[in-house]
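One structure below.
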Amino acid sequence: MSAHVVACQLVYSFHYGLGAGQTDGKAPGCRWVETNPLAPSTKEIGPGWQRNTLNCHFGDYNWRKVTSMGHTLLKKFKAMTTDMSDHFIAHFELNALIPYDLLLKWGSKIKAWEQNKTNPNPFTPKVAKPIQASVHYELAQAEAQNTGTTEEKSLDEHVLPSVLIVCGLEIESEQHDLKVEALKIWDHSKD
């Protein structure tokens, strides 16, 4: 779900569901991986046999999932009990940093939204992310104000701090793009 845009996350994310804990939103689609090998044979048969074949395979998958559920739940329970104290402490420390009246206000907004989804969603981001051009402009404005003062900290007269910051952002962007391209290379692509 995190790969989706914010508008989709706000409406469909399990994280905002009442009583939902940490979930694996991709799990419902995982079982289709097991049925992919059926595609060549099921495309050759009629719709009735196709439905029967898929039902048999889904039934087998569900039976294996149910019979292994005890082991799976035990493993998750053990992981939960070991992590619970860390999460409790982190939550307590976070709440201690936030003013109490703000916590009450936030809690009331969440309760109102959970009871009636037509109320404003309190999880909607309120802060717009800055774009690189606006950051560059603000840095240039700050440098213009500091020109000739003792606060000016440039490497030399031709390289201002904002130029270095923008170059750093561009290098980070290029490194990210390079990592994405490197992941597309497979073992035998150079053969």
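Hydrogens, waters and symmetry mates play no part in the numbers below; they use all other heavy atoms, side chains included.
Legend: side chain to side chain donor-acceptor pair (under 3.5 Å) pairs involving residues 166-181, not counting sequence neighbours, sorted by first then second residue: Glu181-Lys184. For residues 112-122, the set of pairs meeting the side chain to side chain donor-acceptor pair (under 3.5 Å) definition, not counting sequence neighbours, comprises Asn116-Thr118. Residue pairs meeting the side chain to side chain donor-acceptor pair (under 3.5 Å) criterion with at least one partner in residues 41-61, sequence neighbours excluded, are Asp60-Arg64.
Atom CG of residue Leu169 and atom CG of residue Leu164 lie 11.0 Å apart, to the nearest 0.5 angstrom. Atom-to-atom distance recorded for Ile110:CD1 and Lys105:NZ is 13.0 Å, nearest 0.5 angstrom. Atom-to-atom distance recorded for Lys76:NZ and Thr72:OG1 is 7.0 Å, nearest 0.5 angstrom.
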In sequence, state the C-alpha distance, the side-chain angles, and the governing distance for Thr35 and Phe58, and then conclude on side-chain contact (heavy atoms from CB on, under 4.5 Å). CA-CA 8 Å; Thr35 59; Phe58 287 142; 3.4 Å; yes
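Within the 4.5 Å cutoff, the side chain of Phe77 has heavy atoms near those of the Met80 side chain. Put simply, the side chain of Thr82 does not reach to within 4.5 Å of the side chain of Lys78, judged on heavy atoms.
Using a 4.5 Å cut-off between side-chain heavy atoms of Ile, Leu, Val, Met, Phe, Trp and Tyr, Met69 falls into a hydrophobic cluster with Leu73. Leu102 forms part of a hydrophobic cluster together with Leu94, Ile98, Leu103, judged by ILVMFWY side-chain heavy-atom separations under 4.5 Å.
Aromatic ring centres of Trp106 and Phe123: separated by under 6.0 Å.
Residues meeting the side-chain contact (heavy atoms from CB on, under 4.5 Å) test with Lys111, sequence neighbours left out: none.
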